[in-house]
Amino acid sequence: MTGYRSLAVGAALALTIGAGVAHAGIVPIATTPNPSTAGQAVTLNWSVGGVCTGSTAEFSDVTGGGNVVLCQGVVGGSGAFCSTNALNVAGARSIQGRFTTGPCVGTTSGGAHTVLAAPTPVPTVGEWTLWGLTGLLLIGGGVFASRRFRATAA
């Protein structure tokens, strides 16, 4: 009976270790900040087990069936992370990670991230001044031309 119990404990341990390696991608990716503004730097963090140390993880935007690679990170003791400013399209995004090299195999479930549209830039005082002067020149040139035309027509 003792032999069977040891076998069962050993099998459970092997399944647990195997699950950590083969199914490391169950944990979704966390994004900071969330939501972000289009083009803002975003840190992607995938908490995977220490068994995966040395693996390379690739982070992608898989929204709408696409696969846009955002960045790559090497897995350390606390997981894989990288920073990107490639999230430029406003809306709900799905971020996924997968191992490309190393002892681990797997893909994350999609991590949800929201990208807000970049604010519309407000013209500076210098730009307003330049536009105003341009308008005055155009109006002034038009008045000058119309007076000249009237003078020659008479």
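Looking only at distances, a side-chain donor or acceptor of T124 sits under 3.5 Å from a matching main-chain atom of E127. Counting only distance, with no hydrogens or angles, the side chain of T108 and the backbone of P28 share no donor-acceptor pair below 3.5 Å. Side chain of S36 to main chain of V115: no donor-acceptor pair is present (N/O by atom type, distance under 3.5 Å, no hydrogens or angles). A side-chain donor-acceptor contact under 3.5 Å links N34 to the backbone of A112.
Sparse packing is recorded around CH2 of W128, with 12 or fewer heavy atoms of other residues, nucleotides or ligands lying under 6.0 Å away.
Residues V48 and C52 come closest through the heavy atom pair CG2-CB, 4.2 Å. For the pair A90 and L116, the tightest heavy-atom approach, listed with the atom from each and the gap, is CB-C, 4.1 Å. In terms of heavy atoms, T107 sits closest to W46 at C-CZ2, 4.4 Å. Scanning both residues, L44 and C71, for their nearest heavy atoms gives CD1-SG, 3.8 Å. Heavy-atom minimum distance, C82 versus Q72: CB-O, 3.6 Å. Scanning both residues, F99 and V75, for their nearest heavy atoms gives CE2-CG2, 3.8 Å.
Rounded to the nearest 0.5 angstrom, H113 NE2 and T32 OG1 are separated by 9.0 Å. Rounded to the nearest 0.5 Å, atoms CD1 (I29) and OG (S60) are 8.5 Å apart. With rounding to the nearest 0.5 angstrom, the CD atom of Q40 is 11.5 Å from the OG1 atom of T84. Atom OG1 in T43 sits 10.5 Å away from atom CZ in F59 (nearest 0.5 Å).
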Practice item. Check the pair D61 / L87 against side-chain contact (heavy atoms from CB on, under 4.5 Å), numbers first and verdict last. Key: CA-CA 8 Å; D61 180 359; L87 292 166; 4.1 Å; yes
Check your understanding: Can you list the steps and then say if T114 with R93 is a side-chain contact (heavy atoms from CB on, under 4.5 Å)?
Key -> CA-CA 6 Å; T114 302; R93 315 306 299 166; over 6 Å; no
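No continuous path of ILVMFWY side-chain contacts below 4.5 Å connects F81 to I95, so the two sit in separate hydrophobic clusters.
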